[in-house]
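Whatever order the structure lists ligands and atoms in, that order sets their numbers, starting from 1. Here the structure is a predicted model, which is why all the values come from computation and not from measurement.
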Amino acid sequence: MIQNSKNTDKKYVANTYARFDIEIASGKGSLVYDTDGKEYIDLGTGIAVNTFGVADEEWAKAVSEQLCAFQHTSNLYYSAPCAELAKALCERTGAKKVFFGNSGAEANECAIKVARKWAQDTKGAGDYNIITLKNSFHGRTITTLKATGQDVFHTDFGPFPEGFLYAEANNFASVEKLVKENKCCAVMMEIVQGEGGVLPLSPDFVKDVCTLAEREGLLVIFDEVQCGNGRSGALYAYMNYGVIPDVVTTAKGLGGGLPIGAAMLFEKVENTLGPGSHGSTFGGNPAVCKGALNIIERIDEELLSEVREKSKYVFDTLSGAKGIKSVSGMGLMIGIETEADSSLVLAECIKRGVLPIKAKTKIRLLPALNIPTELLHRAVDIIKEVAGEMANG
Ligand SMILES: *Cc1c(COP(=O)(O)O)cnc(C)c1O
């Protein structure tokens with residue numbers, strides 16, 4: 001393999017990633033090519049980011065036109081792309097206002113600040129606790145690490161901010177107990193735990209938590225950084241559950257490949273943040289927002305029903321197949337538990353030209369929402385074949 005950047009990267013880039021031994025050189029749609037010219041079917045989309053695949057023409061055109069008009073203005077002035085994207089998100093979700101940042105962690109930081117300030121304004125300064133779920137993932141800043149309900153993230157960087165309590169996912173009694181014993185302002189959860197192993201919350205759990213939150217005066221925050229923007233088969237995954245949230249955060253797929261984070265604020269909290277209370281230099285960047293608007297407009301009912309059909313195909317093909325212990329997830333966010341070590345299965349898939357990623361000990365699929373059916377079928381066949389062949393050691 002031609003190593004164009006490996007040595008330079010190893011020498012100069014902070015050593016925070018265990019990269020695969022692949023250097024991506026180009027791509028189109030759901031196909032990517034390494035520096036040797038080897039072709040891969042992309043099932044990771046840059047971790048659920050490239051919603052319509054690599055170098056999507058419509059999206060690239062929207063972004064480039066804005067780049068050539070003006071690429072940035074700061075939030076000292078009005079600009080149309082930011083306003084139009086906020087309007088589209090509100091109209092599609094029922095949210096009243098949107099705050100834009102640049103990442104999932106920032107979207108969650110905003111949600112946490114909103115919950116804390118809302119509690120101060122309406123309940124009292126002591127009601128700052130936010131309940132999150134064990135096995136969750138909410139980001140890499142100091143505060144979102146603490147919000148993340150996994151002990152492994154709570155080392156090395158302390159002291160961490162207080163005010164996060166962890167309940168068991170799909171165990172309503174554990175949420176109820178924390179609410180009863182502590183002064184809380186919000187419950188924050190991923191509708192589908194992504195990094196935790198592609199695990200959807202049960203409908204009863206989500207409904208019960210929302211009812212409890214309403215009764216006890218707590219906000220409901222959904223972290224849809226990964227499962228949002230059409231990936232679940234609905235525009236946002238909470239829409240599959242028939243509940244109404246107070247804050248929805250998203251990022252990854254919203255930008256279609258450029259950095260953006262959004263905290264959608266529903267009625268209760270639409271005016272919690274006032275001028276000067278929060279901000280971001282790059283937040284609402286015109287080029288990024290123009291691209292995101294193109295993405296959101298294309299996630300229509302037709303695309304969503306294709307997502308659900310493709311999802312069904314993957315579940316039907318892999319569930320119960322030789323070497324596959326379980327298939328979990330929602331829409332085109334799928335976790336596969338293999339009998340053989342998933343790292344070995346993954347390595348073999350990569351050899352055979354398929355690029356999934358991992359979630360804990362599972363193989364995780366996050367293909368482009370518009371992946372051609374033929375490519376999806378070919379990739380799933382290869383995963384099935386590899387999992388079967390490797391099952392008996
Ligand atoms: C990826 C992710 C985040 C963090 O997003 P960044 O853009 O990396 O800051 C937060 N929450 C969930 C559910 C995620 O999947």
Side-chain angles (χ1 to χ4, degrees), residues 14 16-19 44-51 99-115 130-150 152-154 157 164 166 169 186-201 206 220-232 234 236-238 240-241 245 247-264 280 282-285 288 291-292 295 328-335 356-360 362 364-367:
T16 60
Y17 304 105
R19 301 194 202 279
T45 55
I47 319 186
V49 166
N50 299 332
T51 303
F99 176 84
F100 293 114
N102 314 285
S103 66
E106 281 175 86
N108 287 336
E109 287 273 348
C110 176
I112 292 163
K113 284 178 77 172
V114 165
I130 297 175
I131 297 171
T132 67
L133 300 181
K134 290 182 185 166
N135 197 45
S136 58
F137 182 78
H138 296 298
R140 297 283 191 169
T141 62
I142 293 279
T143 303
T144 56
L145 277 179
K146 193 68 202 299
T148 293
Q150 301 186 53
V152 293
F153 289 105
H154 303 156
F157 306 111
F164 294 95
Y166 313 108
V187 183
M188 174 158 139
M189 46 201 179
E190 293 160 271
I191 289 282
V192 185
Q193 291 189 333
E195 303 305 313
V198 201
L199 300 163
L201 294 177
V206 172
V220 172
I221 304 169
F222 291 135
D223 175 348
E224 296 221 21
V225 169
Q226 189 165 156
C227 63
N229 312 300
R231 186 149 294 281
S232 72
Y236 290 97
Y238 77 84
N240 289 322
Y241 287 67
V247 181
V248 175
T249 62
T250 193
K252 294 192 167 92
L254 176 59
L258 285 171
I260 186 170
M264 293 180 249
S280 161
F282 281 114
N285 172 273
V288 179
I295 299 290
S328 66
M330 194 184 284
L332 287 176
M333 181 171 175
I334 297 171
I357 61 173
K358 277 186 66 177
K360 291 253 162 98
K362 291 183 183 176
R364 176 170 31 159
L365 313 186
L366 299 164

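The side chain of Glu190, and not its backbone, has at least one atom closer than 4.0 Å to an atom of ligand 1 (non-hydrogen atoms only; side chain from C-beta on). Proximity of Ser103 to ligand 1, defined as any heavy-atom pair under 4.0 Å, is shared by backbone and side chain alike. The side chain of Asn108, and not its backbone, has at least one atom closer than 4.0 Å to an atom of ligand 1 (non-hydrogen atoms only; side chain from C-beta on). Of all the heavy atoms of Lys252, the ones lying under 4.0 Å from any atom of ligand 1 belong exclusively to the side chain.
Checked by distance only, ligand 1 and Ala251 stay at 3.5 Å or farther apart across all their nitrogen or oxygen atoms. For ligand 1, the polar-atom distance check finds no N/O of Gly139 at less than 3.5 Å from any of the ligand's N/O atoms.
Atoms CG and CG, from Leu258 and Asn285 in turn, are 8.0 Å apart once rounded to the nearest 0.5 Å. To the nearest 0.5 Å, atoms CD (Glu190) and CG (Leu133) are separated by 8.0 Å.
For atom 6 (P) of ligand 1, the closest non-hydrogen atom on the protein side is Gly104 N, 3.4 Å. Shortest contact from atom 9 (O) of ligand 1 to any protein heavy atom: Ala105 N, 2.8 Å.
More than 12 heavy atoms of other residues, nucleotides or ligands sit less than 6.0 Å from atom OH of Tyr166.
Between Thr250 and Asn229, the side chains place a donor N or O and an acceptor N or O closer than 3.5 Å (distance only, hydrogens not considered).
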